Enquirer: 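What follows is a single structure, and I will ask about it in a moment.
Just the heavy atoms: all of them, side chains too, but no hydrogens, waters or symmetry mates, feed the values below. Counting from 1, the numbers follow the sequence of the chain as shown. These numbers were taken from a predicted model, which means no experiment stands behind them.
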Amino acid sequence: MDTNLTYDATRAYDYITQLAIPRLVDSAGEAEVQDYIVTQFTELGLDVSWEPFSFTKFPAEVLPRIISVLFVPIVLSVPWIGDRFPIPVCLLCLFSLFIALFFTQWQRRFEGLYDVGRRLRTENIIATNGRKRDGNTPTLLFVAHYDSKSQTLPIAVRAASYGIAIIGLVALTVVMAIKVGTGIWLPDYIVWSVAGITVFCLLLLQANKTENRSPGAFDNASGVGVMLEVARVVMALDAKKPITFLATGAEEYGMCGALRYIQAHADEYDQENTYVINLDGLGVGNGVNMVTRYGIPAVHTTRTLADLFRASGESLGVRVSERYLPIGVGLDSIPIASRRFETVTLTAGDVGRVALKIHSKRDQIDLLNTESLQQVGELIVDVIKRA
C-alpha cells in the first residue's frame, strides 16, 4: 500500500478511467467494476465484504409512469369541463398536486414497493478501516454508487419536465380555485395552453427508456474514484475514527443499494455521532457543491456536517456552496437521511456544464479534470481530520 499521506487527484483519475465503462445492473460491465473495486479496497488493507440484495424496478420505472398517465386526464379535465364542474375538477387538481409533491420526498412507508414485481439482484461492497465504534468518536460513512445507465432523455430534460409538470399542476389548481372562489374563468386559450404544456411534459417522460450505453465517468465513476483515493489516504494516515466506505449497487434504479444497506445496518450506527458523505458526480468546474436539502417542501439533511465542510473550504480556499434539490434527481443520501442521519451529497461545482451528457454515451472521462478532483479530495481529507 502507498503510504503517501497527501491526496492525489491523478490516482483518483486513474481509478475513474478503469471504472468508466457501461455497467448497468446485471451487465458484464457491472461485474467487472465490482471485482475492480473489491481488489482496490483489499490492496489498501481495508476489511472488505460483499452484501447481496434484491430489489425491483417498480418504484423507479413503473410507478412514475402510472402516476404520470393518471395525471393526464385530470389535467385535461380543467379546460374540458372545469368551467362547468369547478368543484370536482378543483378537488381532482388538489389531489394530483398533493400526490406530486408527496413523492418529491422519501416515503419510508412505501419502501415495500421495492419488493413489488420481478426481483433483480446485485451487491453492495463494504470496506472498513477496522476501528471500533464508541460513544465519543465520530463515525464516518462514505457512499458512492458504482452502477451507470443511459436513458433516452438526458437527466436535465427529465428534471425540467418534472418541474414544468408540477408548475403546470399548480397553475391549473389556482385556475380552478379562482373559479370556485370567485366564479371567474380565465380565457380558454390560456387554460388550454397551460394544460397542453403540462400534458406534453407528462407524456414526454413516458418516452424515457433505460439502456446500458453510458460509460458514466461523471455519474458516477468519479465518486467511486475519489472514494478509493480517500480510502488510500485514510489507511496511510492510520485514522483512529471508524470509517466505512460503501460502494452501492442499483442506485440508478431508485437508490436501492443505499436503501438496502441502511435497512440492514441503521441500528449499528449512532444517529447523533455519524456523518454520511455521499459522492456523486465530481470533477467538473471550480469548487464543490453540497446538497443539503431536497424535496417540496424542503427536507434538511444536515446540521453539523455542512459546517465542517464550510470550515474546511475556508481553510483550503475551496469554494463550497450549498444546493437544494427539489425534484427529478435521486441521491443515495436520501434514504439514509430518512433515518435521521446527518448526510450531505458532494457534487461538482459546475454540474450544469455536463448536465445534458449525464446518462448518455457522452459521459466520458474527458469531461473531468484533475484540478476539480484535487479540490474535492483535499476537502474531504480535511473534514476527516476535523470530525
Side-chain angles (χ1 to χ4, degrees), residues 13 16 19-24 60-61 64 68 104 143-168 197 200-202 204-226 251-255 278-296 298 318-334 344-373 375-376:
Y13 191 88
I16 296 165
L19 293 163
I21 60 174
R23 51 193 189 279
L24 187 66
E61 297 216 328
S68 296
T104 66
V143 184
H145 74 89
Y146 61 79
D147 60 319
S148 72
K149 69 178 178 182
S150 60
Q151 292 195 298
T152 310
L153 302 177
I155 193 169
V157 174
R158 297 201 314 277
S161 297
Y162 278 116
I164 293 170
I166 288 179
I167 291 170
I197 293 170
F200 173 79
C201 290
L202 292 170
L204 181 64
L205 291 168
Q206 298 292 316
N208 200 37
K209 181 181 179 182
T210 298
E211 297 177 309
N212 187 33
R213 298 181 180 180
S214 176
F218 179 76
D219 182 24
N220 183 41
S222 63
V224 178
V226 169
E251 187 269 356
E252 301 291 7
Y253 282 125
M255 300 82 77
N278 182 43
L279 310 176
D280 197 346
L282 303 170
V284 177
N286 183 49
V288 177
N289 290 335
M290 289 188 303
V291 179
T292 60
R293 295 170 296 151
Y294 83 96
I296 304 173
V318 176
R319 177 177 58 80
V320 178
S321 305
E322 289 197 50
R323 290 292 182 264
Y324 166 48
L325 186 70
I327 53 171
V329 180
L331 299 170
D332 270 342
S333 55
I334 291 174
V344 297
T345 291
L346 301 185
T347 66
D350 191 6
V351 176
R353 185 187 302 178
V354 297
L356 292 176
K357 298 178 181 179
I358 299 171
H359 293 173
S360 79
K361 61 184 179 181
R362 296 184 294 165
D363 187 355
Q364 304 277 352
I365 188 68
D366 59 4
L367 298 178
L368 312 183
N369 65 80
T370 54
E371 293 81 5
S372 181
L373 293 171
Q375 285 185 336
V376 69

Enquirer: Apply side-chain contact (heavy atoms from CB on, under 4.5 Å) to residues L205 and Y162 and explain how you reach the verdict.
Expert: CA-CA 8 Å; L205 291 168; Y162 278 116; 3.8 Å; yes
Enquirer: With sequence neighbours excluded, tell me which residues meet side chain to side chain donor-acceptor pair (under 3.5 Å) with D332.
Expert: T248
Enquirer: Return the minimal non-hydrogen interatomic distance between P215 and S360, and the atom names on each side.
Expert: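 What the structure gives for the nearest pair is CD-O, 4.0 Å.
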Enquirer: Tell me, with the steps shown, if L24 and Y253 meet side-chain contact (heavy atoms from CB on, under 4.5 Å).
Expert: CA-CA 10 Å; L24 187 66; Y253 282 125; 3.7 Å; yes
Enquirer: Do S148 and S214 get their side chains close enough for a donor-acceptor pair, meaning under 3.5 Å?
Expert: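 No, no side-chain donor-acceptor contact under 3.5 Å.
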Enquirer: What closest approach, in Å, do D350 and G285 show between heavy atoms, and which atom pair accounts for it?
Expert: CB-CA, 3.8 Å
Enquirer: So, the side chain of R362 versus the backbone of L356: is there a donor-acceptor pair under 3.5 Å, distance only?
Expert: yes
Enquirer: Ignoring hydrogens and angles, tell me if any N or O in the side chain of T292 forms a donor-acceptor pair with the backbone of E322 under 3.5 Å.
Expert: no
Enquirer: How far apart are the closest heavy atoms of I296 and T104, and which atoms are they?
Expert: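 Scanning both residues completely, I find the closest heavy atoms to be N-OG1, 2.9 Å.
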Enquirer: Are more than 12 heavy atoms from other residues, nucleotides or ligands located less than 6.0 Å from atom CZ of F200?
Expert: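 No, not enclosed.
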Enquirer: Applying side-chain contact (heavy atoms from CB on, under 4.5 Å), run through K361 and S150 and close with a yes or a no.
Expert: CA-CA 7 Å; K361 61 184 179 181; S150 60; over 6 Å; no
Enquirer: First locate atom OH of Y146, then atom CD of E252, and finally report the distance between them rounded to the nearest 0.5 Å.
Expert: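 If I round to the nearest 0.5 Å, the distance is 12.0 Å.
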Enquirer: Search all heavy atoms of N208 against all heavy atoms of T152 and return the closest pair with its distance.
Expert: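 Scanning both residues completely, I find the closest heavy atoms to be OD1-N, 3.3 Å.
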Enquirer: Assess whether side-chain contact (heavy atoms from CB on, under 4.5 Å) is satisfied between L204 and V157, documenting all intermediate values.
Expert: CA-CA 9 Å; L204 181 64; V157 174; 4.2 Å; yes
Enquirer: Could you tell me the separation between the OG atom of S222 and the CG atom of D280, rounded to the nearest 0.5 Å?
Expert: 7.0 Å
Enquirer: Working to the nearest 0.5 angstrom, can you tell me the gap between M290 CE and L346 CG?
Expert: 8.0 Å
Enquirer: Does the side chain of D219 come under 3.5 Å of the side chain of H145 through a donor N or O and an acceptor N or O?
Expert: yes
Enquirer: Can you see which heavy atom on T210 is nearest to which on Q151, and at what distance?
Expert: OG1-NE2, 3.0 Å
Enquirer: So which atom in I365 and which in Y13 form the shortest heavy-atom distance, rounded to 0.1 Å?
Expert: CG1-OH, 3.4 Å
Enquirer: Would you indicate whether R213, at its atom CZ, is surrounded by more than 12 heavy atoms from other residues, nucleotides or ligands within a distance under 6.0 Å?
Expert: no
Enquirer: Which one of V351, V226, I16 satisfies the side chain to side chain contact (heavy atoms under 4.5 Å, CB included) criterion with L282?
Expert: V226
Enquirer: Taking side-chain contact (heavy atoms from CB on, under 4.5 Å) as the test, write out the residues that go with S321, two or more places apart.
Expert: N289, R319, R323
Enquirer: Once rounded to the nearest 0.5 Å, what's the spacing between atom CG of L331 and atom OH of Y294?
Expert: 10.0 Å
Enquirer: Please determine which of N278, D147, V143, N220 meets the side chain to side chain contact (heavy atoms under 4.5 Å, CB included) test together with E251.
Expert: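 Option passing the side chain to side chain contact (heavy atoms under 4.5 Å, CB included) with E251: D147.
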